[in-house]
Amino acid sequence: MQTPSSRPIFIIGDVHGHLKKLVKLLQDAQLIDAEHSWKAGTATLWFMGDFVDRGPDGIAVLDLVMRLQTEAAAAGGSVASLLGNHEMLLLAAYRFGRRSTGLGSNFLTRWKQNGGNRKDIAGLTLRHLDWMAHLPAMALVDDYLFMHADAPFYIKCGRTIDEVNAAFNKLLSRSDALAWEEMLEDFARRGAFINTTNGEEFARRFLSVFGGRQLVHGHNPISSMLSCPPGKVDSPWIYAGGQCVNVDGGMFLGGSGFVHQLHAPVGSTVPT
Ligand SMILES: [Mn+2]
């Protein structure tokens with residue numbers, strides 16, 4: 001378990017190419033200034049992945065986040081992100097193109113069917129590709145377990161966060177099309193911790209295997225989970241007996257998104 005830091009930690013869910021919404025969120029939270037430069041000093045900002053697809057400006061979102069990462073590091077702060085399944089879909093479309101997935105489709109078609117934006121693939125550079133391919137799948141930040149998807153497959157990839165990240169890294173560094181396709185299929189699943197009969201137990205298992213007292217994820221718009229209008233979602237949804245925090249504000253569905261700030265874990269309580 002890492003030592004909890006006293007520095008603020010901000011979290012933003014799935015952006016999906018909505019640059020204007022992201023800029024507004026970052027400005028309202030005092031993380032960037034009018035020129036879109038980092039102004040949050042030593043603060044930490046984490047993204048849950050899914051920067052691209054489904055929206056208009058995926059590459060511009062990547063460019064902003066990558067620049068803020070450099071600026072934050074220079075100021076003693078940090079900007080980091082998980083790998084989302086849409087980064088992987090875009091990487092697969094770029095790498096394999098029309099090559100068969102081995103399961104009756106091809107990677108370009110699969111990406112388009114999942115909201116792929118031609119402008120994004122046309123604007124990709126080696127810098128973007130390299131950056132995305134090295135994003136971690138999981139992270140333990142203070143006492144919080146971060147993962148993009150509320151999907152069960154992470155536990156098949158390894159029994160520690162390092163093992164899971166190494167498994168992703170290995171897959172992303174190779175051109176085993178069928179392995180990519182299987183991972184994309186697994187990644188697309190959602191709702192692992194919402195199930196009324198075993199959701200809480202499954203969340204407890206994840207936290208006991210990988211560590212952390214609360215699991216933070218995106219991938220599954222809160223409005224979809226709760227069947228409510230996306231425009232009404234302006235805060236995280238805590239569920240599974242307080243063990244899970246969904247931070248996906250459904251920006252591509254019309255939600256404004258939100259910034260979730262983690263509180264110091266020491267001494268605070270989680271409902272069980
Ligand atoms: Mn996703």
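Counting starts at 1 for both ligands and their atoms, following the listed order.
When the Mn ion (ligand 1) is compared with the N/O/S atoms of D50, atom OD2 turns out nearest. H219 contributes atom ND1 as its closest N/O/S atom to the Mn ion (ligand 1).
Note on ring orientation: taking the six-membered ring where Trp is involved, the planes of F210 and F206 are tilted (angle from 30° to 60°).
Between K156 and E182 there is no salt bridge, since no side-chain nitrogen of the basic residue lies less than 4.0 Å from a carboxylate oxygen of the acidic one.
A ring-centre distance under 6.0 Å is found for F187 and F153.
Here the angle at the Mn ion (ligand 1) defined by OD1 in N85 and NE2 in H148 stands at 90°, rounded to 10 degrees.
In this structure, a donor-acceptor pair under 3.5 Å is present between the side chains of W131 and Q69.
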